[in-house]
Amino acid sequence: MGIVDSRPFHRDEARWIHRAEYVAELANPLGSYWDESTWIERGGSLDERYRLRAQPPLGSYVMGFGLLAQGRDLDTNGFWIMDEDNVQNAAQGNVPSSGDLTAARRTTAIISALTVTVVYFIGARLTNRIGGVVAALFLLFHPLVNLYAAFAGSDMLLVLLVALAAMAAYRLADRPSWPRAVLLGFLLGLGGSAKLSPLGIAIPLALLGGLIILLRVTGRSPRKLVVGQPSLAFGLQLLSAPFVAGATLIASYPYLWRAPIEHTREMFAFRTTGMDLQASIWEHVAVDSPVEALRRVEARLGDEFTLVGRLGDTGDAGILELGLAAIGLLIVGWLALRRGIVSGHGLALIVLGGQAAITIVGMGADWARYHLPILLLVAVCIGVAVGQGWEIAGQAMRSLRERPETGVTSARRGQGRSSTTPSMEHSGTRPEST
């Protein structure tokens, strides 16, 4: 746990630890705490007044339960004022105690360990165990993950939930059923309750389900979607994803209960405004377009944060990681097309690739933690590339071993038919048939 105790305190951690009190307030979900007018009337800075719409709640719940599980209570620090410096916030009691900070970081460290485990299973399912091990080790030792693996926040929680959703998606494709479909929607809803963006993944899944239903109703063959015949029930199961996800988000957050649609829309609007505000304050992190976001991804994951970079001064060698990931992405895409879009490979790719695409399109400011969901896709794709390479190399080695054995066997059989027949190796002729 050295990484838990050694890293310097970050002010964002104070916010997440403060919101651990959400767990206590869940006992009274209809109380004034969850009414935004309560905080607006108290005044203060913009983020003080609109704290409820500023962040979805799951990360705060996890912080609270993590503190309780480690013998801490929910009476933590005050609300950190971003407009004031560390000295002023410390004077107001807004700095978390060392015990609370350590417990919160340990909670995130456990989440990070679970994420690595899930990534192993994804890689192993999409290729083989070698691919799973490589994907898990890449994520485990990657410097960007090491930076946030013990950060008291919700970024690694988002990565875990997206990874779990990908695993649930391929299990649904393996054996479609309503419990598995509900689990997939539930995990996407929990992801939305952590960072909102995973809700968008449910849309392409629903569109795919709608297409299956349309083809079934019109009597056309949906074989190009999958090897076999996807049923009407499977189409309905995929179509249910956004409804289950949305219901999960609303059920998880008492703030949304009073006006679910309006308050959800306000949360998305506030997050967008916050991204724009960050870009205007810190111009060096401003991202103008998805094309610029792709350049930032290349800079972050191909230069600044690379696994090979931990080995020393490697120049531009870090870009090889993205190159290998691109090869893996092509392999997954090819396998998905070969086996069908609604195969395990296809649905897993929709979840992982969808989250990465949403992150890139919605990136208005370039903070390192925003690249974690993209890194998840990179890790899995690198595992797929190595796993498939290992499999191809193994097949080639087996073929080389079998060739000489086949020749020896044929020669011995020829000798057994006729003692006067010369060996093929010496005569260069084929033995006569008997």
Side-chain angles (χ1 to χ4, degrees), residues 112 115-145 156 158-170 173 197-198 201 204 290 293-310 316-341 343-361 363 370-393:
S112 302
T115 304
V116 171
T117 303
V118 174
V119 166
Y120 163 77
F121 286 110
I122 295 174
R125 169 60 177 79
L126 297 182
T127 50
N128 47 49
R129 291 182 179 178
I130 296 298
V133 169
V134 169
L137 290 178
F138 179 84
L139 197 68
L140 176 64
F141 292 107
H142 197 276
L144 184 60
V145 172
M156 288 306 301
L158 168 66
V159 178
L160 172 62
L161 290 168
V162 173
L164 286 171
M167 189 164 68
Y170 72 61
S197 56
I201 303 173
L294 284 172
R295 295 196 188 100
R296 298 299 183 96
V297 171
E298 181 182 355
R300 291 286 195 182
L301 302 183
D303 183 22
E304 184 177 358
F305 296 101
T306 65
L307 185 59
V308 293
R310 301 188 66 175
D316 295 329
I319 202 68
L320 295 177
E321 295 177 12
L322 294 182
L324 187 59
I327 294 173
L329 183 60
L330 290 175
I331 293 173
V332 176
W334 176 76
L335 291 172
L337 291 175
R338 181 184 177 186
R339 302 181 182 188
I341 302 174
S343 64
H345 286 75
L347 293 190
L349 183 59
I350 289 175
V351 173
L352 297 174
Q355 180 62 47
I358 291 170
T359 303
I360 291 170
V361 171
M363 189 183 297
Y370 294 166
H371 296 262
L372 284 168
I374 303 172
L375 181 64
L376 172 63
L377 176 64
V378 169
V380 171
C381 288
I382 287 177
V384 168
V386 175
Q388 286 296 111
W390 180 273
E391 188 170 322
I392 293 171

Check step by step if side-chain contact (heavy atoms from CB on, under 4.5 Å) holds for Leu324 and Val386. CA-CA 8 Å; Leu324 187 59; Val386 175; 4.1 Å; yes
Donor-acceptor under 3.5 Å (Glu321 side chain, Val308 main chain): yes
Side chain proximity check, Leu144 to Glu304, heavy atoms < 4.5 angstrom: no
Answer whether the closest heavy-atom distance between the side chains of Phe138 and Val378 falls below 4.5 Å. yes
By side chain to side chain donor-acceptor pair (under 3.5 Å) - contacts of Arg129 (at least two apart): none
Check: Val145 and Phe305 side chains under 4.5 Å, non-hydrogen atoms: no
Hey, is the main chain of Gly302 close enough, under 3.5 Å, to the side chain of Thr306 for a donor-acceptor pair? no
Should Ile341 and Leu349 count as side-chain neighbours, where that means a heavy-atom distance under 4.5 Å? no
Check the pair Leu158, Leu372 against side-chain contact (heavy atoms from CB on, under 4.5 Å), reporting the backbone distance first and the verdict last. CA-CA 9 Å; Leu158 168 66; Leu372 284 168; over 6 Å; no
Could you report the tightest heavy-atom contact between Tyr120 and Ala136, atom names first, then the distance? CB-CB, 3.9 Å
If you look at every heavy atom in Gly383 and Thr127, which pair is closest and at what distance? O-OG1, 4.1 Å
Closest non-hydrogen contact found for Ala293 with Ile360 is CB-O, 3.4 Å
Go through Ile122 and Tyr170 one step at a time and tell me if the side-chain contact (heavy atoms from CB on, under 4.5 Å) criterion holds. CA-CA 9 Å; Ile122 295 174; Tyr170 72 61; 4.3 Å; yes
Residues in side-chain contact (heavy atoms from CB on, under 4.5 Å) with Ala169, at least two apart? Leu184, Leu347, Val351
Could you check His345 against Arg338 for side-chain contact (heavy atoms from CB on, under 4.5 Å), going step by step and ending with a plain yes or no? CA-CA 10 Å; His345 286 75; Arg338 181 184 177 186; over 6 Å; no
Are the side chain of Gln355 and the backbone of Val162 linked by a donor-acceptor contact shorter than 3.5 Å? no
Looking at every heavy atom in both Ala163 and Leu376, which two are closest together, and how far apart are they? N-CD2, 3.9 Å
List the atom of Asn128, the atom of Gly387, and the distance in Å for their closest heavy-atom pair. ND2-O, 3.0 Å
Locate the shortest heavy-atom distance separating Ile201 from Ile350; write the atom from each residue and the value. CG2-O, 4.1 Å
Distance from Ile358 atom CD1 to Ile374 atom CD1, nearest 0.5 Å? 11.5 Å
